[in-house]
Amino acid sequence: MKLSVCLVALLALAPALSGCSVDSETWVNQNRLEVHEDQFTDTLETSKIDDGMLHAIGVYYYRFGNGTLTGAVSYDPKSSKNNLARAKAEAARITDGLHRNGVKDVQITTTPAPGTGNVSTTVLTFPALTAHSPTGCGMMPGYDSPIPAPKTGDGMSDYGYGCTVETLLSRQVSRPSDMLGKPGFDSNANGRRQADVVEMRGYYSEKSNPPLEGEAASKN
């Protein structure tokens, strides 16, 4: 009698237990670092754009550039020194210097700036790509600031485990455009072919090369 009562009680509890779940949303970050579109803009005194600065701009463009580098050299129409002819000469000099430092897509123009006197300035700008930590990811509490008191002990954590790693990785990316992949790596020198050569001894396919059969030595 007691056994049948127990069985009935267990059967009654079964639907309630089936509705329970031990699954919970993960506290581990599931996203990777991101590449964002940005814009580089700087205003420089034209006379101070020397070879060293042109080289630095070329390096910066190589790392982050994502389009045409445009610029405008200013001049004062009423100035005897900072005139249109001087501005055109400076634009040509800057263009040539950027070309020599690897920036091929350059458009430098001149622009009037009345009232500026003898000092010319050059505005340089280009679209850029920058690496960032995943959206919504912050640094580990206590990593670079005092540990704040948690808002609550229930539900999701304010910090996704692994976000700090992704953030630090994003700061070390030298050329963010590389994260998007590069076309043209399907040549005869690509990595897959090298792996076939090393592991399977095949060059144009996974099939091994036939054995070499040279001239046989005389038996006499």
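Residues take their numbers from the sequence shown, with the count starting at 1. These values consider heavy atoms only, across backbone and side chains, with no hydrogens, waters or symmetry-generated copies.
With rounding to the nearest 0.5 angstrom, the CZ atom of R171 is 6.5 Å from the OG1 atom of T167. Atom CD of residue E37 and atom OG1 of residue T130 lie 9.5 Å apart, to the nearest 0.5 angstrom.
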Taking distance alone, no hydrogens or angles, what donor-acceptor pairs closer than 3.5 Å link side-chain atoms of residues 48-60 to residues at least two apart or in another chain?
unit_1	atom_1	unit_2	atom_2	d
D50	OD1	G52	N	3.4
D50	OD1	M53	N	2.9
H55	ND1	N101	OD1	3.1

* To do: Report the C-alpha distance between T111 and T109 in whole Å, list the side-chain angles of each, state the deciding distance to 0.1 Å, and finish with yes or no for side-chain contact (heavy atoms from CB on, under 4.5 Å).
  => CA-CA 7 Å; T111 182; T109 60; 5.8 Å; no
* Residue pair T46, T122: steps toward the side chain to side chain donor-acceptor pair (under 3.5 Å) verdict -> CA-CA 5 Å; T46 305; T122 298; 2.7 Å; yes
* Would Y75 and N83 satisfy side-chain contact (heavy atoms from CB on, under 4.5 Å), going step by step from the backbone distance to the final call? -> CA-CA 5 Å; Y75 67 93; N83 51 34; 5.5 Å; no
* Given I108 and E90, is the side-chain contact (heavy atoms from CB on, under 4.5 Å) satisfied, shown in steps? -> CA-CA 9 Å; I108 307 295; E90 290 287 18; over 6 Å; no
* To do: Verify side-chain contact (heavy atoms from CB on, under 4.5 Å) between V119 and N82, making sure each step is shown before the conclusion.
  => CA-CA 7 Å; V119 178; N82 182 26; 5.8 Å; no
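By the 6.0 Å contact criterion, CZ on R32 is open, its count of non-hydrogen atoms from other residues, nucleotides or ligands being 12 or less. Residue E45 qualifies as enclosed at atom CD: its count of foreign heavy atoms under 6.0 Å is above 12. Counted within 6.0 Å of CD on Q39, heavy atoms from surrounding residues, nucleotides or ligands total more than 12; the atom is thus considered enclosed.
Distance alone, capped at 3.5 Å, places no donor-acceptor pair between the N66 side chain and the P127 backbone. Checking side-chain atoms of T26 against main-chain N and O of V28 turns up a donor-acceptor pair under 3.5 Å. At least one donor-acceptor pair under 3.5 Å links the side chain of T125 to the backbone N or O of F40. Side chain of Y61 to main chain of G67: a donor-acceptor pair is present (N/O by atom type, distance under 3.5 Å, no hydrogens or angles). Within the 3.5 Å criterion, the main-chain N or O of D105 finds no donor-acceptor partner in the side chain of Q107.
Hydrophobic cluster membership is shared by V165 and V35, with clusters built from Ile, Leu, Val, Met, Phe, Trp and Tyr side chains linked at under 4.5 angstrom. Hydrophobic clustering, with ILVMFWY side chains joined whenever heavy atoms are under 4.5 angstrom apart, groups L44 together with F64. In the hydrophobic clustering of this structure, M140 groups with L168; members are Ile, Leu, Val, Met, Phe, Trp, Tyr whose side-chain heavy atoms approach within less than 4.5 Å, directly or through other members.
Across all non-hydrogen atoms, the minimal contact from N31 to E166 is O-CG, 3.8 Å. Between T110 and A91, the shortest heavy-atom distance links the atoms CG2-CB, 4.4 Å. Of all heavy-atom pairs spanning P176 and A131, the tightest one is CG-N, 3.7 Å.
Applying the side-chain contact (heavy atoms from CB on, under 4.5 Å) test between L129 and each of L180, D38, V173 identifies L180 as the sole match.
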